[in-house]
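Here the structure comes first, spelled out in C-alpha cells, and everything after it is commentary.
Proteins get letters first, then strands, A, B, ... in listed order; numbering begins at 1 in each.
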Protein chains: 2
Amino acid sequence: MTKDENSGKRPTLKDVALAAGVSVATASYALNDVGSVGGDTRRHVLEVAARLGYRPNLSAKAMRTGKTSAIGLILPDLTNPFFPALAQNVVHAARESAYSVFVTDTQGSPEAERAAAQALIQRGVDGLIWFPINDEDTLAELTGGLPVLVLDRDNPRHDLIQIDVDSGGRMAAERLIRAGHRRIGVISGPTDVRSSRQRSESSAEVLRRHDALAWHLHNAYSFDLEPAVAAAVADGSATALCVGADLIALGAINTLRQRGLRVPEDISIIGFDNIPYGALAFPGLSTINIPVEEMGIEAVNTLLRRIAKPTESRRRLVFDVTYVERGTVAPPPAP
Amino acid sequence: MTKDENSGKRPTLKDVALAAGVSVATASYALNDVGSVGGDTRRHVLEVAARLGYRPNLSAKAMRTGKTSAIGLILPDLTNPFFPALAQNVVHAARESAYSVFVTDTQGSPEAERAAAQALIQRGVDGLIWFPINDEDTLAELTGGLPVLVLDRDNPRHDLIQIDVDSGGRMAAERLIRAGHRRIGVISGPTDVRSSRQRSESSAEVLRRHDALAWHLHNAYSFDLEPAVAAAVADGSATALCVGADLIALGAINTLRQRGLRVPEDISIIGFDNIPYGALAFPGLSTINIPVEEMGIEAVNTLLRRIAKPTESRRRLVFDVTYVERGTVAPPPAP
DNA sequence: CCTTAAAAATGAAACGTTTAATTAAAACAA
DNA sequence: TTGTTTTAATTAAACGTTTCATTTTTAAGG
C-alpha cells in the first residue's frame with residue numbers, strides 16, 4: 001500500500017513482481033501467458049498488476065523483442081479525397097490488433113517517399129503499407145526484409161492489393177453506350193501510373209469497339225481542366241464523357257456549367273473513384289466505386305499475416321469495383 | 001571491410017565504435033555532439049558511422065531516455081473533410097523536427113478517445129495533439145504530466161489553439177446584411193460543443209440587432225437536412241442562410257436545388273469551415289475560412305515547445321478567420 | 001623536468017523488458 | 001523410501017542506447 005504505488009512514476013514490471021512477491025521473470029511469464037506458471041501465481045500476478053495499473057513499457061519491449069507493434073502508412077497525399085477513408089480504416093483495423101499507425105504523406109515526391117520510409121524503418125515499424133506515387137520501386141534498397149504491402153501498384157517483391165480497374169473502365173464505357181451515346185470522349189488522369197492509365201484505356205477500347213470514341217485526352221489529377229481538354233469537353237464533339245478520376249469529372253462538370261451546358265441533359269459524365277465529393281454534387285456524380293474501406297482493412301490483415309509468417313508465398317489481392325449510378329447519366333440530347 | 005558490414009544485421013553503435021577503434025561511449029558522444037570528444041575523433045567516428053550506414057535504434061534510445069520523438073494526433077473523424085489538411089500539416093511540421101506522428105481517429109466516441117490516448121501513452125509518445133469530440137475533458141485522469149495540446153476547445157490544463165469563431169459568425173451575418181437581406185435564417189451545427197454553438201450564436205446576435213433574424217434552427221453535422229430544417233429553408237421565410245458548417249450548407253444548397261430554387265438568385269448562403277468541397281461546388285460556396293494549415297503547424301510548434309519546457313506558462317493561441325467570397329451570395333430577389 | 005589542471009577517452013551501470021539456463025519443489029513410479 | 005520425471009519458480013544475460021564516474025592523455029605553468 002505505502003510501498004507499491006509510491007514514487008509517482010509509472011509502475012514497472014519489477015514493481016509488480018515485488019508487490020506480488022515473485023521474481024520478475026515469473027511476473028513476465030504470467031502477464032504474457034507463456035512459460036510455466038502455476039494457476040494461483042498467475043492469477044495473483046494479474047491481480048496485482050491490475051491493482052497497480054501496470055502497463056508494460058512498449059519501448060523496452062520493442063528493444064528486447066525487436067517488434068514495435070507499430071506499422072507505417074505511406075500515402076501520396078492526405079488531402080486527396082480518396083485517401084482519408086483508406087487511412088481511417090487502416091488505423092481502425094490496426095487498432096483491433098493492438099497495432100498503432102504512423103501516418104505519412106509524401107506530397108508526390110519520391111525523395112519524400114524515401115525519407116518517410118527511412119524514418120519509419122528507423123523507428124522499427126514491423127511493416128509498411130505503401131501507396132506509391134508512381135510505378136517505380138522507390139524503396140527497393142531501403143526495406144531489406146521488412147514486410148511491405150503495396151497498394152494499387154505492381155511490385156515484384158511485395159504483397160499487393162489492387163483494383164480491377166479494367167473492369168471499371170469497361171463498365172463506365174458500357175453504361176454510356178447503353179444509354180445511347182455514340183460520341184464519347186475519354187479523359188484519363190495521370191498517365192505515368194499504369195493503374196491510372198488502364199482505367200481509361202479499357203474504357204477507350206470498349207468505345208472503339210463500338211465505334212463511339214470521339215477523342216481521348218488526358219488531364220492532371222486536378223479540378224482544373226487544361227485548356228485543350230476544356231475546349232474538347234465543351235465543343236459538342238461528344239455527348240458523354242468517360243473520366244478516369246472523379247476530381248477531374250467534377251472539374252469537367254464545372255467547366256460545362258460555366259459555359260452554359262447542362263449535365264446530364266446536354267452531356268453525360270461518369271467518373272472513377274467514388275470520392276465523397278461526388279455524392280454531394282448536384283446532380284450526384286455517377287462513378288465507379290472502389291472499396292477503399294475494405295482495402296484498408298485487408299491491407300492491414302495481409303500485412304499482419306506477412307509479419308507473422310515472413311516466408312509465406314506472396315499474395316496478390318484484386319478488388320472488384322462497382323458502378324454507382326447517380327445523376328450524371330442520361331440519354332444523349334436529340335440532335 | 002570483411003568484419004564491419006557482415007552479419008546481415010543493421011550495424012549497432014558497438015559496431016561503429018569497434019570499426020572506429022574507440023569506446024562505445026565516445027562513439028555515442030561523437031554522434032550526439034555532446035561530452036568532450038576531440039575534433040579528429042569526432043570526425044572519424046562520424047565518417048565510420050556514415051560508411052557503415054549506421055542508424056541509431058530508436059527503441060533503445062527511447063528506452064534509455066524516455067523520449068520517443070513521436071507524438072500522437074487524436075482526431076474525431078478523418079473522413080470529415082475538415083481534418084485531412086490539418087493532419088497533413090501536423091505530419092509535415094513534425095517531420096521537420098524529426099518527430100513522427102501516430103494518427104488516430106475516435107469516431108465520435110469518448111471511449112474510443114480514451115482508448116486511443118491510453119494506447120498512445122503506453123507507446124510513450126512525447127505529447128498529444130488532441131481535437132476533442134466534445135467539451136468534456138475525457139482524458140483528464142490519463143495524461144498525467146504528459147504535454148497535450150488541445151484544438152478548438154477549452155481546457156483548463158492544456159495549451160490551447162482556438163479559432164475566433166465569434167468574429168467568423170459576425171462576418172457572415174454582416175456580409176448578408178450588406179447584400180441587402182433582411183430575412184435571414186441561421187442553421188447551427190452540433191450544439192453540444194461550445195465552439196460550434198458560438199459560430200451561429202454570434203451570427204444570430206448580429207442579425208437580431210438588425211432585426212433580420214428569420215429563424216434559428218440546428219442540424220446534425222451532415223449533408224442531409226433534418227425535415228424541419230429542410231422545410232424552413234425552402235418555404236420562402238428567408239432570403240439568405242447563415243450556416244454553421246459548410247457540409248450542412250452544401251446540404252442546404254442541395255435541398256434547395258431539388259425543390260427548384262436557385263442559389264444565389266433565389267437564396268444566398270454562407271457556410272463556415274472552408275472545406276475543400278466548397279470550392280468545387282457550382283457555384284462555389286462562400287464561407288468562413290479557418291486556417292487549418294497554420295493551425296496544424298502551430299500545434300506541433302507549441303507542443304514541441306511544451307515538451308522542451310514543461311513548466312513554461314500555459315499558452316492559448318487564437319487564430320483569425322477570414323471571409324471568402326465565392327458564388328453563393330447575391331442581393332435578395334425582388335419581391 | 002616536475003606538478004597540476006584541463007581535455008579526451010573509457011568502463012560500467014542503467015533503462016524495462018524477454019527468455020535461456022538453472023535450480024527448487026512437487027508428483028510419480030518402483 | 002529413493003530415484004526420476006514433471007512442473008514451477010528463479011537467476012542472470014541480453015537487447016542498444018546514454019551518461020555518470022573514473023582513468024588516461026595532453027597541455028600548461030613554474
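- Atom NZ in A:Lys14 sits roughly 10 Å away from atom P in C:dT17 (whole-Å rounding).
- At least one side-chain heavy atom of B:Pro132 sits under 4.5 Å from a side-chain heavy atom of B:Val150.
- Checking A:Asp77 against B:Gln88 by side-chain atom types alone, a donor-acceptor pair falls below 3.5 Å.
- Heavy atoms only, all atoms of each residue included: B:Arg123 and A:Tyr99 are closest at NH1-C, 4.4 Å.
- The side chain of A:Ser23 has D:dT10 as its nearest neighbour among C:dG16, D:dT10, D:dT19.
- One end of the helix from C:dC1-D:dG30 to C:dA30-D:dT1 points its axis 50° away from the other end's axis, with each axis taken from 5 pairs and the angle rounded to 10°.
- For B:Asp15 and D:dG16, the CG to C1' distance is 10 Å, given to the nearest whole Å.
- Contact check, B:Asn32 against D:dT18: a side-chain N or O comes under 4.0 Å of OP1 or OP2.
- A donor-acceptor pair is defined here as one N or O able to donate and one able to accept, closer than 3.5 Å; such a pair exists between the side chain of B:Asp126 and the backbone of B:Thr68.
- For the pair B:Asp33 CG and C:dA8 P, the interatomic distance rounds to 13 Å; values are reported in whole Å.
- In terms of phosphate contacts, B:Thr26 brings no side-chain nitrogen or oxygen within less than 4.0 Å of OP1 or OP2 of C:dA8.
- Residue A:Asn57 has its side chain nearest to C:dT17 when only C:dT17, C:dT10, D:dT10 are considered.
- Within a 6.0 Å radius of CZ in B:Arg305, more than 12 heavy atoms belonging to other residues, nucleotides or ligands are found.
- Using a 4.0 Å cut-off on heavy atoms, the residues of residues 59-68 of chain A that approach DNA chain D are A:Met63, A:Arg64, listed by number.
- With hydrogens and angles disregarded, no donor-acceptor distance shorter than 3.5 Å links the side chain of A:Arg153 to the backbone of A:Ser195.
- Between A:Lys61 and A:Asn32, the closest side-chain pair of non-hydrogen atoms falls below 4.5 Å.
- At a cut-off of 3.5 angstrom, counting only N and O atoms as typed in the model, there is no donor on one side facing an acceptor on the other between the side-chain of B:Tyr29 and the base of C:dA7.
- Rounded to whole Å, the distance from CZ on B:Arg42 to C1' on C:dA8 is 11 Å.
- In the interface, the side chain of B:Ser36 is paired with the base of C:dA8 through a donor and an acceptor atom under 3.5 Å apart.
- The CZ atom of B:Arg55 sits 12 Å away from the P atom of D:dT17 (whole-angstrom rounding).
- Protein atom CZ of A:Arg10 is 11 Å distant from nucleotide atom C1' of C:dG16, rounded to whole Å.
- Distance, B:His44 NE2 to C:dA8 P: 17 Å, rounded to whole Å.
- Of the candidates C:dT17, C:dG11, C:dA9, the closest approach to any side-chain atom of A:Tyr54 belongs to C:dT17.
- Between B:Thr138 and B:Asn134, some side-chain heavy-atom pair lies under the 4.5 Å cut-off.
- Using bins of under 30°, 30° to 60° and over 60° for the plane-to-plane angle, the ring pair B:Phe102/A:Phe102 lands in the parallel bin.
- Under a 3.5 Å cut-off, the side chain of A:Arg95 and the backbone N or O of B:Asp105 do form a donor-acceptor pair.
- Map A:Val34 and B:Val22 each onto its nearest nucleotide of DNA chain C; the residue landing nearer the 5' end is B:Val22.
- Looking at the side chain of B:Ser28, the nearest of the listed nucleotides C:dA9, D:dT17, D:dT19 is D:dT19.
- Contact annotation for B:Thr12: backbone-only contact, meaning every heavy-atom pair under 4.0 Å involves sugar-phosphate atoms and none involves a base.
- The nearest whole Å value for the distance from the CG atom in A:Asp40 to the C1' atom in D:dA9 is 14 Å.
- Taking the nucleotide of DNA chain C with the nearest heavy atom to each of B:Gly39 and A:Pro56, the more 5' of the two is matched to B:Gly39.
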